[in-house]
Protein chains: 2
Amino acid sequence: MSKTQLSFVEENYLKAIYHLTTESKDPVSTNAIAESVQTRAASVTDMLKKLAAKKLIAYKKYYGVSMTGPGEKAALEVIRKHRLWETFLVEKLNFTWDQVHEVAEQLEHIHSPLLIQRIDALLGYPTHDPHGDPIPSEQGEITEQSHILLSELKSGSEGKVVAVNDSSPDFLRYLDRLGIAIGTRVTIIEKVSFDGSIELKVENEVKPLFISKEVSDNLWITKVT
Amino acid sequence: MSKTQLSFVEENYLKAIYHLTTESKDPVSTNAIAESVQTRAASVTDMLKKLAAKKLIAYKKYYGVSMTGPGEKAALEVIRKHRLWETFLVEKLNFTWDQVHEVAEQLEHIHSPLLIQRIDALLGYPTHDPHGDPIPSEQGEITEQSHILLSELKSGSEGKVVAVNDSSPDFLRYLDRLGIAIGTRVTIIEKVSFDGSIELKVENEVKPLFISKEVSDNLWITKVT
DNA sequence: TCCTATTTTTAGATTAGTCTAAATAATGTA
DNA sequence: TACATTATTTAGACTAATCTAAAAATAGGA
Ligand SMILES: [Mn+2]
Ligand SMILES: [Mn+2]
Ligand SMILES: [Mn+2]
Ligand SMILES: [Mn+2]
């Protein structure tokens, strides 16, 4: 079967397709994948044929793409490694949460089951990475916690930040400046209907602040009673 | 200049050429490189042209190859990473010394100065890897300790094992069974002139044992008075 | 020195992954 | 339903790294 190890590039495509699949039910489009892996649509088509031949994705010309069982398993393995490495970098090597993604993009492709088991053990079997994302188990099980976007929270309600929807260094450093981290409690003072921006009270911060719709669309929270 | 990062493959060639250069003064042959990187001579020739064009090696058709300053620096960076990762795997992740090389072959190609600095710090700036090999400094300085092969030691003399000349799992596990590790003291009881094998007293072992010429040719030691 | 065996290089193909430009299919609007 | 726009695929080419087979250069022995 798929004994031969997947290439660096194949792993990146699978990961991208997996993420796109989970964030909207319909089949994933060629263009969306191209955008995600930073390449041209024509290159994506070529790779889709290859992955389909290996039965890692279900692909029908012009109809978009979805994952197969084996494909999802392979994708989750890469995601597991990515998130464990990010956690390792923060917990053991004092990286900040905005520094880890780029390095993890490289480390996730290291092939060594023993290595990743030992990293997992060293970290005490963490369940979430520095951005609040769940770490899939060795068996490929992932438990998405139920959460909503901060932009969906009603005025006056309180919530706790559980994850970020964007791991770009710029966004994360901006959150640092606002005093927002994973676990921070926030309360919506007012939602400005005109542009969707939000006046927000942040735990441990004296003054309320305003955040754009853009920002509130990238923060996952759970409601706090 | 050589701003563009070296590829995985280029790094492996440089490392191989560096090692071959240091273990015998004359220029390195195409065939020796081919053997070392497990490829064909014709492929090596192609790569030599490429590396020469980047001024990482000095190459003249049919005359063999030697390193340039920049080439040596690049090779030592890879070797530094390899040995730091090996040390990390043993010290922090409980790998045995025969398990580390293969994984380090992958990890040595991760590009992140910060990562390697932090690994170095976490380990307390080690000077030698699990096989007794010196770890080059960030500036590319390497201090080879003076040592001789066990096979060169005279009968009756005592020595301390400081490094192995072969890091293959088979050899290392055989040493484990003999009770020989880095730092172990050994005394030559008798050298068998007929086949070069050696009767050896190993520190902490009750009975002396015999090792082949092959084995004694792969153990680096320093004399102990 | 000459000749042969060995080493190295060249020539020409191949594979993975990418690209641009052109062709084709799907979609949505009139 | 017809047409124009958009999305996707195909065709053909390119680069990095590899290979085999053939040509060329070197080295060593007679
Ligand atoms: Mn990440
Ligand atoms: Mn993450
Ligand atoms: Mn090694
Ligand atoms: Mn080593």
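Reminder, nothing fancy here: chain letters follow the sequence lines and each chain counts from 1. Atoms considered below: every heavy atom in the structure, side chains included; atoms not considered: hydrogens, waters and symmetry mates.
Rounded to whole angstrom, the span from the CG atom of B:Leu48 across to the P atom of D:dA16 amounts to 16 Å.
Residue pairs meeting the salt bridge (Lys or Arg N to Asp or Glu O under 4.0 Å) criterion with at least one member in residues 118-127 of chain B, sequence neighbours excluded, are B:Arg80-B:Asp120. Each side chain to side chain donor-acceptor pair (under 3.5 Å) pair with one or both residues in residues 56-70 of chain B, not counting sequence neighbours, would appear here, but there are none.
To the nearest 0.5 Å, atom CG of residue B:Leu56 and atom CG of residue B:Leu6 are 6.0 Å apart.
OP1 or OP2 of D:dT8 sits under 4.0 Å from a side-chain N or O of A:Asn31. For A:Thr30 and D:dT9, the shortest distance from a side-chain N or O to OP1 or OP2 is below 4.0 Å.
The side-chain contact (heavy atoms from CB on, under 4.5 Å) test applied to A:Asp195 returns A:Val192, A:Ser197, not counting sequence neighbours. Applying the side-chain hydrogen bond (donor to acceptor under 3.5 Å, both in side chains) test to A:Thr22 and every residue at least two apart in sequence or in another chain returns nothing. Remark: A:Pro27 pairs with no residue by the side-chain contact (heavy atoms from CB on, under 4.5 Å) rule, at least two apart or across chains. Applying the side-chain hydrogen bond (donor to acceptor under 3.5 Å, both in side chains) criterion to B:Glu138, with sequence neighbours excluded, gives B:Gln117.
Annotation: proximity of residues 39-47 of chain A to DNA chain C (heavy atom, distance under 4.0 Å) is found for A:Thr39, A:Arg40, A:Ala42, A:Ser43, A:Asp46, A:Met47, numbered in ascending order. Using a 4.0 Å cut-off on heavy atoms, the residues of residues 8-26 of chain B that approach DNA chain D are B:Val9, B:Tyr13, listed by number.
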Show the atom names and distances, to 0.1 Å, of all donor-acceptor pairs under 3.5 Å that link a side chain in residues 29-48 of chain A to residues at least two apart or in another chain.
{"from": "A:Ser29", "atom 1": "OG", "to": "A:Ala32", "atom 2": "N", "distance (Å)": "3.1"}
{"from": "A:Thr45", "atom 1": "OG1", "to": "A:Ala41", "atom 2": "O", "distance (Å)": "3.3"}

Validation: residues 9-20 of chain A side-chain donor-acceptor distances under 3.5 Å, sequence neighbours left out:
{"from": "A:Glu10", "atom 1": "OE1", "to": "A:Ser7", "atom 2": "N", "distance (Å)": "2.8"}
{"from": "A:Glu10", "atom 1": "OE1", "to": "A:Ser7", "atom 2": "OG", "distance (Å)": "3.4"}
{"from": "A:Glu10", "atom 1": "OE1", "to": "A:Lys54", "atom 2": "NZ", "distance (Å)": "3.4"}
{"from": "A:Glu10", "atom 1": "OE2", "to": "A:Lys50", "atom 2": "NZ", "distance (Å)": "3.4"}
{"from": "A:Glu10", "atom 1": "OE2", "to": "A:Lys54", "atom 2": "NZ", "distance (Å)": "2.7"}
{"from": "A:Glu11", "atom 1": "OE1", "to": "A:His109", "atom 2": "ND1", "distance (Å)": "2.6"}
{"from": "A:Asn12", "atom 1": "OD1", "to": "A:His109", "atom 2": "NE2", "distance (Å)": "3.0"}
{"from": "A:Lys15", "atom 1": "NZ", "to": "A:Glu105", "atom 2": "OE1", "distance (Å)": "3.1"}
{"from": "A:Lys15", "atom 1": "NZ", "to": "A:Glu105", "atom 2": "OE2", "distance (Å)": "3.0"}
{"from": "A:Lys15", "atom 1": "NZ", "to": "A:Glu108", "atom 2": "OE1", "distance (Å)": "3.3"}
{"from": "A:Lys15", "atom 1": "NZ", "to": "A:Glu108", "atom 2": "OE2", "distance (Å)": "2.9"}
{"from": "A:His19", "atom 1": "ND1", "to": "A:Lys15", "atom 2": "O", "distance (Å)": "3.3"}

With a 3.5 Å cut-off and sequence neighbours excluded, list the donor-acceptor pairs that the side chains of residues 84-92 of chain B form with protein atoms.
{"from": "B:Trp85", "atom 1": "NE1", "to": "B:Leu107", "atom 2": "O", "distance (Å)": "3.4"}
{"from": "B:Glu86", "atom 1": "OE1", "to": "B:His131", "atom 2": "ND1", "distance (Å)": "3.1"}
{"from": "B:Glu86", "atom 1": "OE2", "to": "B:His82", "atom 2": "NE2", "distance (Å)": "2.7"}
{"from": "B:Glu86", "atom 1": "OE2", "to": "B:His101", "atom 2": "ND1", "distance (Å)": "3.4"}
{"from": "B:Thr87", "atom 1": "OG1", "to": "B:Arg83", "atom 2": "O", "distance (Å)": "2.7"}

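Side-chain atoms of B:Asp170 and B:Ser168 include no donor-acceptor pair closer than 3.5 Å.
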Below 3.5 Å between N/O atoms, which protein atoms pair up with nucleotides 23-28 of chain C? Just atom names and distances, please.
{"from": "C:dA25", "atom 1": "O4'", "to": "A:Tyr62", "atom 2": "OH", "distance (Å)": "3.4"}

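B:Lys60 comes within 4.0 angstrom of nothing in the nucleic acid, heavy atoms only.
Residue-to-nucleotide proximity on DNA chain C shows that, of B:Ser29 and A:Gln38, the 5′-proximal contact is made by B:Ser29.
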